[in-house]
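Beneath this line is the structure, given in structure tokens, with notes to follow.
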Protein chains: 2
Amino acid sequence: MLDEPLLTAKGEATRRRIVAAATAEFAAYGIAGARIERIVAEARTNKAQLYAYFGGKERLFDAVFTASLERILEVVPIDADDLAGWAVRLYDEYLVRPDLIRLATWHRLERRPAGHLVPDTARLDTGKLTAIAAAQAAGRVVPGDPFDVMALVIAMSMAWSPVSNVYAATADEPEEVHRRRRDLLRRAVAGATGAVPSGRA
Amino acid sequence: MLDEPLLTAKGEATRRRIVAAATAEFAAYGIAGARIERIVAEARTNKAQLYAYFGGKERLFDAVFTASLERILEVVPIDADDLAGWAVRLYDEYLVRPDLIRLATWHRLERRPAGHLVPDTARLDTGKLTAIAAAQAAGRVVPGDPFDVMALVIAMSMAWSPVSNVYAATADEPEEVHRRRRDLLRRAVAGATGAVPSGRA
DNA sequence: GTGAACAAACAGAACAGTTGGTCTGTTCGT
DNA sequence: ACGAACAGACCAACTGTTCTGTTTGTTCAC
């Protein structure tokens, strides 16, 4: 029963539809608010399949969340020599795929109230951290714990994200507004993380 | 039925216990995840009182949320001439009262997926915005929409908040760690928002 | 090729536990 | 005595999960 059955092409397609529907559902309502009924309806399948493939609501969220996480990691790779540009690309990514940040935040709120968002941050962030450390060694980035620098830049990129506590931007706003925010963000990240060449500021 | 009964001293005390219990409950589980049963148990009262005083789950959340919002506004007043210091004070506030930010984020996720967190931002933020605008006019803060500057600084202060998508700090971490983050935050906000006196950076 | 056999895909009913919300009746304070 | 505070039973609706039975696709002996 716990063994997932072998998937045929058709089953694989259904499985994917379930993941897609669940991603939207969880992003919109969270774990507690999501409804299995709505997911299977949206995925044009039935509960039996969902439970055969994923085992339950919690584990379905796991599948959805980890898939989303890997996606965002590869879509917006870090550029430690241009943290400002990286932040701007993240800003744009949030506009295109608000679901991913919402998913991450639900995960934070409903599952991990403290500490790292995911347990094995080490594996996921190693690339980012060494890149930042290298840029610091080259004097292009302000000194300090690379992890903290990363957290700060990501936080800045999320100032207008779908989970902002001030204002959540959307793609349908005028392009000029986005340009204004990108400019401010770029300059701010540069100013915040750029190493001071010499003397005082 | 919709008319709330006049409150005696005892009733007022019960009402307050309900708000306190509901604040903790909503902060922990959100609107969908919160349980009326747990709230009345924690508040040492019963459902009849809760429904007489607040009318229902949603409206109870309203009461809890707006109360928390006003609280955080008055506890950490802005200092536009020292945005870095303000950000650091916010960092500390999140350590002391993680509930308030969590509440705000639940509100964002479950109720206001886009735009302003609260509809009448105008009234709430006017003070902040004029303060920032004045500091900009005096050349102490980088130019740009004051609202965007505010959003950015708040976002920076939340880099390690209880809703961070990277790492959620807690009060029980070593003081040295907090000091390190505060230093980075202070310098970063100063660098991000400080106006450049003249020439290039 | 064909048809029996088997596993996966499917649909929907059924189930048990829970939840927000209401109702009835009792106690308390003034 | 009158209304507010209170306690707990009660209810209807909903939800995650399981079960029963049917259809579909593939395999393979013949």
Side-chain angles (χ1 to χ4, degrees), chain A residues 1-65 103 106-107 110-111, chain B residues 1-65 103 106-107 110-111:
Chain A
M1 190 178 286
L2 288 183
D3 302 288
E4 295 172 6
L6 288 80
L7 284 186
T8 67
K10 200 173 174 186
E12 177 61 25
T14 299
R15 184 194 166 94
R16 254 195 277 268
R17 285 203 313 277
I18 293 176
V19 170
T23 300
E25 178 75 12
F26 281 126
Y29 303 103
I31 303 176
R35 295 289 167 258
I36 298 290
E37 189 81 39
R38 280 198 296 255
I39 293 173
V40 298
E42 175 70 24
R44 280 166 298 136
T45 181
N46 57 79
K47 296 181 178 183
Q49 255 53 43
L50 189 151
Y51 279 87
Y53 294 153
F54 297 97
K57 201 188 198 186
E58 293 282 328
R59 283 166 57 187
L60 175 57
F61 181 84
D62 287 341
V64 164
F65 175 62
L103 236 32
W106 287 115
H107 177 78
E110 303 194 274
R111 293 184 149 185
Chain B
M1 191 177 284
L2 288 181
D3 303 288
E4 295 171 7
L6 288 78
L7 284 185
T8 67
K10 200 172 176 186
E12 177 61 26
T14 299
R15 183 194 165 93
R16 255 195 275 270
R17 284 204 313 279
I18 293 177
V19 170
T23 300
E25 178 76 11
F26 281 126
Y29 303 102
I31 303 176
R35 295 289 167 257
I36 298 289
E37 190 77 30
R38 280 198 294 255
I39 293 173
V40 299
E42 174 70 24
R44 280 166 298 135
T45 180
N46 56 78
K47 295 184 180 183
Q49 255 52 44
L50 189 151
Y51 279 87
Y53 294 154
F54 296 97
K57 201 189 199 186
E58 294 282 327
R59 284 168 55 187
L60 175 57
F61 181 84
D62 287 340
V64 163
F65 176 63
L103 236 30
W106 286 116
H107 176 77
E110 302 194 274
R111 293 184 149 187

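Chain letters run A, B, ... following the sequence lines, proteins first and then strands; every chain starts at 1. All values reported here derive from a predicted model rather than from experimental measurement.
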Check your understanding: Yes or no on side chain to side chain contact (heavy atoms under 4.5 Å, CB included) for A:Leu60 and A:Tyr53, after CA distance, side-chain angles and deciding distance?
Key -> CA-CA 9 Å; A:Leu60 175 57; A:Tyr53 294 153; over 6 Å; no

**Study point:** CZ-CG distance between A:Arg15 and A:Leu50, expressed to the nearest 0.5 angstrom
**Key:** 10.5 Å

**Study point:** Minimum-distance nucleotide to A:Asn46 side chain [options: C:dA9, C:dG20, C:dG12]
**Key:** C:dG12

Exercise for review: Send over the distance from A:Lys57 NZ to D:dC14 C1', rounded to a whole Å.
Suggested key: 12 Å

Check your understanding: Can you name the salt bridge (Lys or Arg N to Asp or Glu O under 4.0 Å) partners of B:Glu37, sequence neighbours left out?
Key -> B:Lys47

Exercise for review: Starting at the 5' end of nucleotides 25-30 of chain C, put B wherever the base has a protein heavy atom under 4.0 Å, S where only the sugar-phosphate does, and a dash everywhere else.
Suggested key: ------

Review point. Do the side-chain N or O atoms of B:Lys47 get closer than 4.0 angstrom to the phosphate oxygens (OP1, OP2) of C:dG21?
Key: no

Check your understanding: If only side-chain N and O atoms of A:Tyr51 are considered, is one of them under 4.0 Å from the OP1 or OP2 phosphate oxygen of D:dC19?
Key -> no

Check your understanding: Are there more than 12 heavy atoms of other residues, nucleotides or ligands under 6.0 Å from atom CD of B:Gln49?
Key -> yes

Review point. With a 4.5 Å heavy-atom cut-off, do B:His107 and B:Phe26 have their side chains touching?
Key: no

Exercise for review: Only counting residues at least two apart or in another chain, list the ones meeting side chain to side chain donor-acceptor pair (under 3.5 Å) with B:Glu58.
Suggested key: B:Arg111

Check your understanding: Can you check the B:Arg17 CZ to D:dA5 P distance for me, whole Å?
Key -> 12 Å

Review point. If you round to the nearest 0.5 Å, how far is CD1 of B:Ile31 from OH of A:Tyr29?
Key: 13.0 Å

Check your understanding: Are any of the side-chain heavy atoms of A:Phe54 and A:Val19 separated by less than 4.5 Å?
Key -> yes

Check your understanding: Can you check whether A:Thr45 has a side-chain N or O nearer than 4.0 Å to OP1 or OP2 of C:dA9?
Key -> no

Review point. Looking at CD1 of A:Ile18 and OG1 of A:Thr45, how far apart are the two atoms once the value is rounded to the nearest 0.5 Å?
Key: 5.0 Å

Revision key, fill the gap. The bend of the helix from C:dG1-D:dC30 to C:dT30-D:dA1, taken between the axes of its five terminal pairs at each end and rounded to 10°, is 10°

Review point. Starting at CD of B:Glu58 and ending at P of C:dT19, how long is that distance when rounded to a whole Å?
Key: 17 Å

Review point. How close or far is atom P of D:dG8 from atom CD of B:Gln49, stated in whole angstroms?
Key: 12 Å

Study note, to complete from the structure: Between CG of A:Leu50 and P of D:dT15 the distance, given in whole Å, is 15 Å

Practice item. Please name the pair of heavy atoms, one in A:Ala21 and one in A:Glu42, separated by the smallest distance, quoted to 0.1 Å. Key: CB-CG, 3.6 Å

Check your understanding: Quick one: B:Ile39 CD1 to C:dT19 P, roughly how many Å, whole number?
Key -> 12 Å

Practice item. Could you list by number each residue of residues 24-37 of chain A showing a heavy-atom separation from DNA chain D of less than 4.0 Å, or answer none if no residue does? Key: A:Ala34, A:Arg35, A:Ile36

Practice item. Using the salt bridge (Lys or Arg N to Asp or Glu O under 4.0 Å) rule, collect all pairs that involve residues 17-26 of chain A, keeping only residues at least two apart or in two chains. Key: A:Glu25-A:Arg38

Practice item. Please report, rounded to the nearest Å, how far the P atom of D:dG16 is from the CZ atom of A:Arg59. Key: 16 Å

